[in-house]
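Some notes on the structure that comes next.
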Amino acid sequence: NALPSTSHHITPTKCESSPRNNAGCGGGAENTRLGQKPDDLQCVFNKLLPIKNCIENHNVKVTDVMLCAGEMSGGKNICKGDSGGPLICDSVLQGITSTGPIPCGKPGVPAMYTNLIKFNSWIKDTMTKNS
């Protein structure tokens, strides 16, 4: 199947905080203790959080080109090997997995994603130049 001729289907929009509609996906370790990776794409449904949650809980610079998501109570989150995977909100790609807590699902430490909304112009320009 060819890609749609218009980009409105893939253009990032505002990703609202909704625990049922936000999914981070990747092929990271299912059992990090044993280092086993799953054969199938794994997804976790998380809440978008205020960026201050990531600023307060990560030892890296957090900027406005990032999104913060996870469960502050812990137990589920992205994991090692998920970097580069999608953050999908209401069936639209909104972010790219960047980093998460170690160990995976650590309470109080949300994951960080690249916020694709900030790169709309660059994405559209690049797609136009390469089509």
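Nothing here was measured: the structure is a model prediction, and the numbers come from that model.
- For Asn59, the CG atom is loosely surrounded, since the number of other residues' heavy atoms within 6.0 Å does not exceed 12.
- Here the closest non-hydrogen pair linking Leu49 and Pro110 is CD1-CB, 3.6 Å.
- Residue Ile123 holds its CD1 atom at 11.5 Å from OG1 of Thr128, rounded to the nearest 0.5 Å.
- Residue pairs meeting the salt bridge (charged side-chain N to carboxylate O under 4.0 Å, His left out) criterion with at least one partner in residues 55-66, sequence neighbours excluded, are Asp64-Lys118.
- To the nearest 0.5 Å, atom CG of residue Asn120 and atom CG of residue Asp125 are 10.5 Å apart.
- For the atom pair NZ (Lys80) and OG1 (Thr99), the distance works out to 11.5 Å, reported to the nearest 0.5 Å.
- Side-chain atoms of Glu71 and Val44, non-hydrogen and from C-beta on, never get closer than 4.5 Å to each other.
- Taken together through direct or relayed side-chain contacts under 4.5 Å among Ile, Leu, Val, Met, Phe, Trp and Tyr, Met127 and Phe119 form part of one hydrophobic cluster.
- Remark: Val62 pairs with Ile51, Cys54, Ile55, Met66, Met112 by the side-chain contact (heavy atoms from CB on, under 4.5 Å) rule, at least two apart or across chains.
- Hydrophobic clustering (side-chain heavy atoms under 4.5 Å, transitive across Ile, Leu, Val, Met, Phe, Trp, Tyr) keeps Val60 apart from Ile102.
- Just one of Leu116, Leu93, Leu48, Asn46 meets the side chain to side chain contact (heavy atoms under 4.5 Å, CB included) condition when paired with Leu87; it is Leu48.
- Closest heavy-atom contact between Leu67 and Gln94: CD1-O, 4.0 Å.
- Looking at Thr97, its side chain never comes within 3.5 Å of a backbone N or O of Gly84 through a donor-acceptor pair.
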